[in-house]
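These notes concern the structure reproduced below.
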Amino acid sequence: MTAQENYIDPELQEQEDELYEHFSITVDKGQSLVRLDKFLTFRMERCSRNRIQAAADCGNVLVNGKPAKSSYKVKPLDQISIMMPYPKRDTAIVPQNIPLDIPYEDNDLLLVNKAAGMVVHPGHGNWDGTLVNALTYHLQNLPMFQEGDTRAGLVHRIDKNTSGLLVIAKNERAHAHLAKQFFDHTTSRRYVALVWGNFEEDEGTITGHIGRSRSERMQMCVFPDGSEGKHAVTHYRVLRRYGYVTLVECRLETGRTHQIRVHMQYIGHPLFNDERYGGDRILKGTTFSKYKQFIENCFELMPRHALHARSLGFIHPTTHKEMHFESELPDEFKRVLEKWDTYCSANTSVIKEVLENEALTEA
């Protein structure tokens, strides 16, 4: 096996709506009755009672396979496990003073409008300069961010080269409540993507298990028979048609790694300039040299896949009120769309002819 085959990209290391076992124990035969939170605080290293109580409140502390409250009295031979929304890590984080775009913040959470190019959390090849490094610096006075945790505050993630909104928890209780919402798929997430090709319908749904590709270990792929991977559903709606490319809104029902990118490739519409999934070359259009130059200019203007996390909705962990946030498209995304507007206006007849020929060929 080659080094590249051994390498696992940090973007592929985890699903964002999964729970991981962080602690598991069988209670001793001679254990006296004691509160569950007190028992776990004594038995677990570097885990506060507050964190344990927050996890229990959201049903993430299991006794004999069932969720248990902090007040539950531990009994001999009980099987206890704690589930967290991120895998266990041993590497501590280094705080870094990196500017962040924070459109909203209160005592429990904050919203970050992440720029494309920033990795969310440390991983292979990206041990610093990440969003978590920045959060650990900016929120260093909060207990959650003083332990050097590589997942401090994170309840979900977006790819390095995807821009847009992320919600960050500022305390254990908020973290547990928000993580539970993402795990239960009760949040609202909408993305805007520019994809190759034209759609016959104005809206649709893509359903297909997503898992790691057998042939390309740095990619995810769809397993339509459900033999591998995990259930994934993406709803899409056409926002604007440019003939050769289409602007769509995608609503996630699940949150699998690279979900929109993989699902769009699966139905024949890779994201515009998505290097990993084949969208970084001309897939639709003419053979004219001017058109080739136009596409190259667009790629240069936005040198990453055209995907933006535009809106995010969830229930506030303290007020229990529904919150909704919107993020404008980044400037480079807007400029690429403006170029397509101009191109289509100047080449309406050419685009119409090519699309008619494609329709005849498919028929």
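Bear in mind the structure is a predicted one, so any value in this text is a computation, not a measurement.
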Tell me, do [X] and [Y] make a side-chain contact under 4.5 Å, heavy atoms counted?
X: Lys230; Y: Ile210; answer: no
X: His269; Y: Leu283; answer: no
X: Val245; Y: Val195; answer: no
X: Arg189; Y: Phe182; answer: yes

Passes ring-ring contact (aromatic ring centres under 6.0 Å, His included), Tyr242 versus Tyr343? Steps please. CA-CA 9 Å; Tyr242 295 104; Tyr343 182 86; 9.9 Å; no
Which residues pass the side-chain contact (heavy atoms from CB on, under 4.5 Å) test with [X], not counting sequence neighbours?
X: Thr342; value: none
X: Lys69; value: Ser71
X: Ser311; value: Arg190, His324, Glu326
X: Ala56; value: Val61, Ser70

Does the [X] side chain pair with the main chain of [Y], one donor and one acceptor, at a distance under 3.5 Å?
X: Asp184; Y: Gln181; value: no
X: Asn347; Y: Cys344; value: no
X: Gln219; Y: Arg276; value: yes
X: His138; Y: Ile98; value: yes
X: Glu203; Y: His235; value: no

Below 4.0 angstrom, N of the basic side chain to O of the carboxylate: do Asp202 and Arg241 qualify? yes
Restricting to pairs with a member in residues 301-319, which pass salt bridge (Lys or Arg N to Asp or Glu O under 4.0 Å), not counting sequence neighbours? Glu249-Arg310, Arg304-Glu332
Please enumerate all residues that pass salt bridge (charged side-chain N to carboxylate O under 4.0 Å, His left out) together with Glu228, with sequence neighbours excluded. Arg214
Quick one: salt bridge (charged side-chain N to carboxylate O under 4.0 Å, His left out) partners of Asp37, sequence neighbours excluded? Arg35, Arg49
Atom pairs and distances, donor-acceptor, side-chain atoms in residues 99-119, under 3.5 Å, two or more places apart:
| from | atom 1 | to | atom 2 | distance (Å) |
| --- | --- | --- | --- | --- |
| Asp101 | OD2 | Asn113 | ND2 | 3.2 |
| Tyr104 | OH | Asp106 | OD2 | 2.8 |
| Glu105 | OE2 | Lys170 | NZ | 2.8 |
| Asp106 | OD1 | Asp108 | N | 2.8 |
| Asp106 | OD1 | Leu109 | N | 2.9 |
| Asp106 | OD2 | His316 | NE2 | 2.8 |
| Asp108 | OD1 | Asn171 | ND2 | 3.0 |
| Asp108 | OD1 | Arg173 | NH2 | 3.1 |
| Asp108 | OD1 | Thr318 | OG1 | 3.4 |
| Asp108 | OD2 | Thr318 | OG1 | 2.7 |
| Asn113 | OD1 | Ser327 | OG | 2.8 |
| Asn113 | ND2 | Ser327 | OG | 3.4 |
| Lys114 | NZ | Met118 | O | 2.9 |
| Lys114 | NZ | Asp159 | O | 3.3 |
| Lys114 | NZ | Lys160 | O | 2.9 |
| Lys114 | NZ | Thr162 | O | 2.9 |

So among His231, His185, Gln259, which one has a side-chain hydrogen bond (donor to acceptor under 3.5 Å, both in side chains) with Thr254? Gln259
Surrounding CD of Gln140 (heavy atoms of other residues, nucleotides or ligands, distance under 6.0 Å), is the total greater than 12? yes
Over 12 non-hydrogen atoms of neighbours within 6.0 angstrom of NZ in Lys292: no
Does the ring center of [X] lie less than 6.0 Å from the ring center of [Y]?
X: His308; Y: Tyr191; answer: no
X: Tyr137; Y: Phe145; answer: no
X: His258; Y: Tyr277; answer: yes
X: Tyr244; Y: Trp196; answer: no

Same cluster for Val63 and Val74 if Ile/Leu/Val/Met/Phe/Trp/Tyr side chains link at under 4.5 Å? yes
Report the residues that fulfil ring-ring contact (aromatic ring centres under 6.0 Å, His included) with [X], sequence neighbours left out, ordered by chain and then residue number.
X: His263; value: none
X: Phe333; value: none
X: Phe39; value: none

Against Ile168, only a single residue in Leu154, Val155, Leu178 fulfils side chain to side chain contact (heavy atoms under 4.5 Å, CB included); can you say which? Leu154
Mutual orientation of the aromatic rings belonging to Tyr236 and Phe199 [parallel < 30°, tilted 30-60°, perpendicular > 60°]: tilted
Report all side-chain donor-acceptor pairs from residues 296-303 shorter than 3.5 Å, counting only partners two or more places apart or in another chain.
| from | atom 1 | to | atom 2 | distance (Å) |
| --- | --- | --- | --- | --- |
| Asn297 | OD1 | Gln293 | NE2 | 2.9 |
| Asn297 | ND2 | Gln293 | O | 3.3 |

